Trainee: 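Structure below; questions to follow.
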Amino acid sequence: MAKKSKNTFYITTPIYYVNDVPHIGHAYTTIIADAISRYKKLLGKDVFFLTGTDEHGQKVEKAAQEKGLKPIELADQVVVRFQELWKALNIDYDFFIRTTQPIHEENIQKIFKKLKDKGDIYKGIYEGWYCDSTEHFLDEDVPLEEGGFKICPECGTKAFIVSEECYFFKLSAYQKPLLDFYAQKPTFVRPRSRMNEVVSFVKQGLKDISITRTTVEWGVPVPDDPKHTIYVWFDALHNYVTGIGYDWDRPHFEKFWPADVHLIGKDILRFHAIFWPAFLMASGFPLPQTVFGHGWWLKDEAKMSKSKGNVLDPHLILETFGPDPLRYFLLREIPIGLDGNFSHEGFIHRVNSDLANDLGNLVQRTLTMVHSYFGGKIEEMDKEEKADKALREEFENSKEKIIRFYEDYALNRALEEIWFFISTVNKYLADNEPWKLARDESQKKRLGRILYQAAAALRVISYLLFPVIPVSSEKIWDFLGEEKSIEDESLSELKFKNLKLGQAMKEPKPLFPRVALKDFLKEEETRQAPPKKEEKMDMITFDEFKRMDLRVGEILTAEKVEGTDKLVKMEVDIGTEKRAMVAGVADVYSPEELAGKKVIVIVNLKPAVIRGIESRGMLLAAEIEGKAIIPFFDKDVPAGAKVR
RNA sequence: GGCGGUGUAGCUCAGGCGGUUAGAGCAUGCGGCUCAUAUCCGCAGUGUCGGGGGUUCGAAUCCCUCCACCGCCA
């Protein structure tokens with residue numbers, strides 16, 4: 001294979017599964033990829049950025065059936081949703097691959113055949129408990145339920161025994177090569193902590209994996225044996241090679257392969273860090289440089305999931321703010337490897353404070369002064385003085401750091417550094433007080449220098465921000481009177497003095513409007529009259545259940561909490577101690593009625609202060625139209641007895 | 001259960017191969033400016049650096065132990 005030229009850069013996102021519409025998590029991965037890709041382009045690299053959709057498999061088959069559609073019809077619909085979102089977010093990808101495209105399907109078959117001929121894929125029998133919903137065989141140590149079946153620990157639905165003839169990939173043969181590879185290239189998996197997990201997983205031993213199904217029709221058929229369908233993961237992972245031309249545009253493929261970064265969510269690390277390099281080794285392809293597993297955005301500290309109904313839809317934010325504030329927030333708030341908590345409060349706060357106050361206001365004040373003191377054109381200025389030079393050197397310093405952070409994919413650190421510099425420029429203006437110099441005509445040239453420095457700073461700031469907030473950055477350049485686009489200037493050439501003297505600057509308009517949190521929340525409310533779905537809870541394991549300490553509690557005393565309708569304060573004997581608890585049951589039970597009763601109490605619930613009273617435990621009750629109905633025991637039980 | 005990680009200001013986190021008064025941003029309080037999107041600048045705090053023990057002249061930093069939380073274990 002031809003050697004890859006050093007000046008190319010190939011980055012991918014996962015291909016997204018089309019059984020669901022896009023949400024903030026998809027947006028996050030894709031925004032990271034876009035920012036890195038734009039950064040590399042500024043360096044003058046020949047960048048290829050691939051994204052797309054994974055359209056085969058049982059879940060899509062099922063989701064389509066529920067809607068009365070053919071799988072491909074569902075895929076066609078959902079693909080549009082993704083593409084529209086990428087457009088709204090200003091994602092500048094080079095190719096959008098769909099696994100249903102012939103160039104993909106044909107080449108998957110070709111690769112499959114190649115590995116089969118080589119002996120890395122062989123036919124065998126697989127038997128095991130299979131979950132339709134998550135499309136995988138359960139671990140062998142999942143316990144048998146009483147009815148003699150197994151429950152999928154991931155989704156909670158019933159699994160079935162499936163015994164099928166299928167094709168296996170000889171993963172076991174790659175244990176040693178993989179370990180050697182990891183040892184030789186410790187940066188293959190990032191963040192580093194995840195590399196440890198991968199290595200220890202592989203060290204435990206690898207079994208061959210089944211890579212076909214006979215139970216699924218919606219997929220790529222095995223060549224010469226079409227009752228077998230290639231399993232989605234084998235199908236999907238290879239998009240990274242088919243998407244750049246394997247085997248339909250060889251020169252293009254050879255130009256960009258191997259990938260520099262596969263950006264993924266941490267949940268699919270195993271597939272990318274173990275299976276994928278093994279497949280590639282089998283095919284004889286060079287291995288990618290890095291698999292970067294990013295964290296998840298949580299909503300109010302909880303993982304977003306369809307079943308919780310707390311999936312965050314980015315559309316309202318996009319309509320209110322445009323793409324840049326969301327891009328900025330997601331990349332600034334957390335390091336790529338960690339989880340983050342998404343709240344509208346946090347979002348509005350950061351956008352107001354960083355974008356509107358620090359950056360937006362700096363643009364506004366600088367250009368307003370250029371206009372009111374110079375009519376938009378600084379024609380003349382003094383030589384650079386000490387303070388001016390300090391500002392310029394500060395920039396040169398920061399620029400180096402910022403580049404280092406970008407190179408390391410530490411986008412949050414790069415942004416942090418840029419904001420240090422923004423703050424320095426604000427300080428520079430405060431120290432040099434151009435508004436005072438403006439009152440003295442003899443200081444005109446000095447004033448010119450100061451505003452020139454500030455404008456030059458804005459020019460380089462917006463340049464460095466371009467990967468993250470491309471629209472706003474271009475706007476700032478336009479305000480400054482730049483005629484070329486940011487992308488026409490190479491990062492290595494970026495300097496203060498590139499701002500031409502005498503350039504006609506425009507009158508600025510606020511770049512990032514401040515939005516009050518309460519207005520935004522109100523808007524959100526009116527926007528989504530949420531159809532109140534029945535509360536569906538996730539399955540929990542017995543271990544999780546065991547964490548709740550439920551016991552019989554004897555209510556010793558009970559009295560109404562002054563000034564409330566529903567609250568009762570009780571002293572409850574839980575066997576080992578007596579505790580104060582507060583419960584909202586007074587509308588159904590009188591305190592007299594409660595005293596002496598035995599109830600079920602969760603005793604290790606975090607204490608809560610209710611009406612100034614610390615409630616150390618909660619009694620269990622059925623909630624019927626807002627009223628609490630307490631279960632009592634029909635035989636005598638001692639206080640403190642464990643309930644389970 | 002096994003392996004790995006985390007616990008530092010009200011909040012989010014940085015530092016951490018031992019060494020001056022432990023840092024940043026946000027939030028809070030006070031002061032300044034008025035060019036600017038009620039923005040910007042300055043000052044001020046507050047912390048037994050998870051608990052306990054040890055090594056050392058000296059520990060947030062190294063060791064032991066306990067507690068809590070998190071990740072991975074097809």
Side-chain angles (χ1 to χ4, degrees), chain A residues 126 128-129 134 136-142 153-154 169 171-172 175 189 191-211 233 266-271 273-275 278 293 295-296 298 301 303 332-335 337-341 343 345-346 348-374 410 412-413 415-417 419-420 422-439 447 450-451 454 458 507-516 543 547 604 606:
Chain A
Y126 188 89
W129 290 92
T134 56
H136 78 303
F137 284 94
L138 271 46
D139 294 2
E140 275 156 24
D141 57 6
V142 173
E154 278 177 38
F169 174 76
L171 187 62
S172 58
Q175 178 169 354
V189 174
R192 187 174 276 266
S193 56
R194 303 242 160 242
M195 182 50 131
N196 299 335
E197 293 176 5
V198 169
V199 170
S200 57
F201 184 94
V202 175
K203 276 191 178 153
Q204 284 173 39
L206 295 174
K207 287 187 212 157
D208 293 348
I209 49 169
S210 109
I211 54 164
W233 272 109
K266 60 182 184 180
D267 49 329
I268 53 175
L269 183 66
R270 193 195 309 147
F271 297 99
I274 299 170
F275 296 176
W296 284 322
L298 311 174
E301 311 288 345
K303 192 187 165 192
R332 169 63 213 262
E333 195 73 3
I334 54 165
L338 301 183
D339 290 348
N341 192 41
S343 69
E345 287 83 348
I348 299 272
H349 183 79
R350 195 165 266 294
V351 166
N352 280 343
S353 121
D354 293 5
L355 293 179
N357 295 352
D358 293 344
L359 175 60
N361 182 56
L362 177 60
V363 171
Q364 190 76 15
R365 67 195 300 211
T366 304
L367 289 172
T368 303
M369 284 190 276
V370 170
H371 263 269
S372 43
Y373 307 149
F374 293 97
N412 67 316
R413 299 294 300 279
L415 290 169
E416 194 182 329
E417 194 61 41
W419 254 262
F420 280 135
I422 289 173
S423 170
T424 307
V425 182
N426 269 321
K427 233 171 283 198
Y428 170 84
L429 288 176
D431 291 345
N432 291 284
E433 302 180 305
W435 48 92
K436 282 191 182 156
L437 296 176
R439 294 170 207 153
L447 177 63
I450 291 163
L451 293 181
L458 279 177
E507 250 176 293
K509 286 186 214 94
L511 270 178
F512 306 101
R514 291 177 62 86
V515 173
D543 278 346
R547 297 183 55 211
N604 64 339
K606 238 184 186 170

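Lettering follows sequence order; numbering is per chain, from 1. Predicted model, so just to flag it, every value in this text is computed and none were measured.
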Trainee: For residues A:I274 and A:V198, determine if any side-chain heavy atom of one lies less than 4.5 Å from a side-chain heavy atom of the other.
Mentor: yes
Trainee: Between A:F275 and A:L171, is any pair of side-chain heavy atoms under 4.5 Å apart?
Mentor: yes
Trainee: Contact between A:I450 and A:L429 at the side-chain level, heavy atoms closer than 4.5 Å - yes or no?
Mentor: yes
Trainee: Please state whether the phosphate of B:U37, meaning OP1 or OP2, lies under 4.0 angstrom from any side-chain nitrogen or oxygen of A:Q364.
Mentor: yes
Trainee: Does A:S423 reach a base, just sugar-phosphate, or nothing at all? Heavy atoms under 4.0 Å.
Mentor: sugar-phosphate
Trainee: Mapping A:E433 and A:F512 to their closest nucleotides on RNA chain B, which lands nearer the 5' end?
Mentor: A:E433
Trainee: Hey, what do you get for NZ (A:K207) to CD (A:Q175), rounding to the nearest 0.5 Å?
Mentor: 12.5 Å
Trainee: Could you list, one pair per line, each protein nitrogen or oxygen that sits under 3.5 Å from a nitrogen or oxygen of nucleotides 8-10 of chain B, together with the distance?
Mentor:
none

Trainee: Do A:V515 and A:V351 have side-chain heavy atoms sitting under 4.5 Å apart?
Mentor: no
Trainee: To the closest 0.5 Å, what do you measure between CG (A:L511) and CD (A:Q364)?
Mentor: 8.0 Å
Trainee: Identify whether any heavy atom of A:L429 sits under 4.0 Å from a base atom; if not, whether one sits that close to sugar-phosphate; answer base, sugar-phosphate or nothing.
Mentor: nothing
Trainee: Could I get the full list of salt bridge (charged side-chain N to carboxylate O under 4.0 Å, His left out) partners for A:K436, not counting sequence neighbours?
Mentor: A:E433
Trainee: Below 3.5 Å between N/O atoms, which protein atoms pair up with nucleotides 25-30 of chain B? Just atom names and distances, please.
Mentor:
from  : atom 1 : to     : atom 2 : distance (Å)
B:C26 : O3'    : A:H349 : NE2    : 3.0
B:C26 : O2'    : A:H349 : NE2    : 2.8

Trainee: Considering only atom P, compute the distance from B:U48 to B:C11 and round it to an integer number of Å.
Mentor: 11 Å
Trainee: Which part of the nucleic acid, if any, lies within contact of A:I274, taking any heavy atom under 4.0 Å across all strands shown: a base, the sugar-phosphate backbone alone, or nothing?
Mentor: nothing
Trainee: Distance check, P atoms only: B:G71 and B:C64, in whole angstrom units.
Mentor: 25 Å
Trainee: Does a side-chain N or O of A:R192 approach OP1 or OP2 of B:G71 to a distance below 4.0 Å, or not?
Mentor: no
Trainee: Take atom CD of A:E197 and atom P of B:C72, then tell me their distance rounded to the nearest Å.
Mentor: 6 Å
Trainee: Between B:U34 and A:R365, is there an OP1 or OP2 to side-chain N/O distance shorter than 4.0 Å?
Mentor: no
Trainee: Give the rounded distance in Å between these two atoms: CG of A:L359 and C1' of B:A36.
Mentor: 13 Å
Trainee: Roughly, in whole Å, what's the span from CD in A:E507 to P in B:A36?
Mentor: 12 Å
Trainee: Which is true for A:N196 with a 4.0 Å heavy-atom rule: it touches a base, it touches only sugar-phosphate, or it touches nothing?
Mentor: sugar-phosphate
Trainee: Main chain of A:W296, side chain of A:D339: is a donor-acceptor contact present, judged purely on distance under 3.5 Å?
Mentor: yes
Trainee: Rounded to whole angstroms, how far apart are CD on A:E333 and P on B:C11?
Mentor: 16 Å
Trainee: Considering every strand and a 4.0 Å limit on heavy-atom distances, what is the contact class for A:S200: base, sugar-phosphate, or nothing?
Mentor: nothing
Trainee: Taking only the P atom of each, what is the distance from B:U37 to B:C70 in whole angstrom?
Mentor: 47 Å
Trainee: When the C1' atoms of B:G18 and B:C35 are considered, how many whole Å apart are they?
Mentor: 50 Å
Trainee: Please give the distance between the C1' atoms of B:G52 and B:C57 as a whole number of Å.
Mentor: 23 Å
Trainee: Side-chain N or O of A:K427 versus OP1/OP2 of B:G42: is the shortest distance under 4.0 Å?
Mentor: yes
Trainee: For A:T366 and A:L171, find the nucleotide of RNA chain B closest to each by heavy atoms; which residue's nucleotide sits nearer the 5' end?
Mentor: A:T366
Trainee: After noting the C-alpha distance and the side-chain angles of A:I268 and A:W233, does the key distance pass the side-chain contact (heavy atoms from CB on, under 4.5 Å) rule?
Mentor: CA-CA 10 Å; A:I268 53 175; A:W233 272 109; 3.7 Å; yes
Trainee: For B:G45 and B:C63, measure between their P atoms and round to the nearest Å.
Mentor: 34 Å
Trainee: Looking at A:N352 and A:N357, would you say the former's side chain and the latter's main chain have a donor-acceptor pair under 3.5 Å?
Mentor: no
Trainee: With a 4.0 Å cut-off on heavy atoms, is A:K203 in touch with a base, just the backbone sugar-phosphate, or nothing at all?
Mentor: nothing
Trainee: Quick one: A:N426 CG to B:U39 C1', roughly how many Å, whole number?
Mentor: 9 Å
Trainee: Please state how far atom CG in A:L437 lies from atom P in B:C33, giving the value in whole angstrom units.
Mentor: 17 Å
Trainee: Using atom P in both nucleotides, what's the gap between B:U20 and B:A60 to the nearest angstrom?
Mentor: 11 Å
Trainee: So which protein N/O to nucleotides 13-17 of chain B N/O distances come out below 3.5 Å?
Mentor:
none

Trainee: Within less than 4.0 Å of OP1 or OP2 of B:A38, is there a side-chain N or O belonging to A:R514?
Mentor: no
Trainee: Expressed as a whole number of angstroms, how long is the span from A:K266:NZ to B:G5:P?
Mentor: 17 Å
Trainee: How far apart are the C-alpha atoms of A:M369 and A:L447, what are their side-chain angles, what is the distance that settles it, and do they pass the side-chain contact (heavy atoms from CB on, under 4.5 Å) test?
Mentor: CA-CA 10 Å; A:M369 284 190 276; A:L447 177 63; over 6 Å; no
Trainee: What pairs with A:D208 under salt bridge (charged side-chain N to carboxylate O under 4.0 Å, His left out), at least two apart in sequence or on another chain?
Mentor: none
Trainee: Mind calculating the distance between CD1 (A:I334) and P (B:A24) to the nearest angstrom?
Mentor: 24 Å
Trainee: Counting runs of three or more consecutive pairs, Watson-Crick or G-U wobble, with each distance below 3.5 Å, where are the stems of RNA chain B?
Mentor: B:1-7 with B:67-73, B:10-13 with B:23-26, B:28-32 with B:40-44, B:50-54 with B:62-66
Trainee: Considering only the P atoms, how many Å lie between B:C72 and B:U55, rounded to the nearest integer?
Mentor: 39 Å
Trainee: Counting N and O atoms only, with roles assigned by atom type, does the side chain of A:S423 sit under 3.5 Å from a partner on the main chain of A:W419, one being a donor and the other an acceptor?
Mentor: no
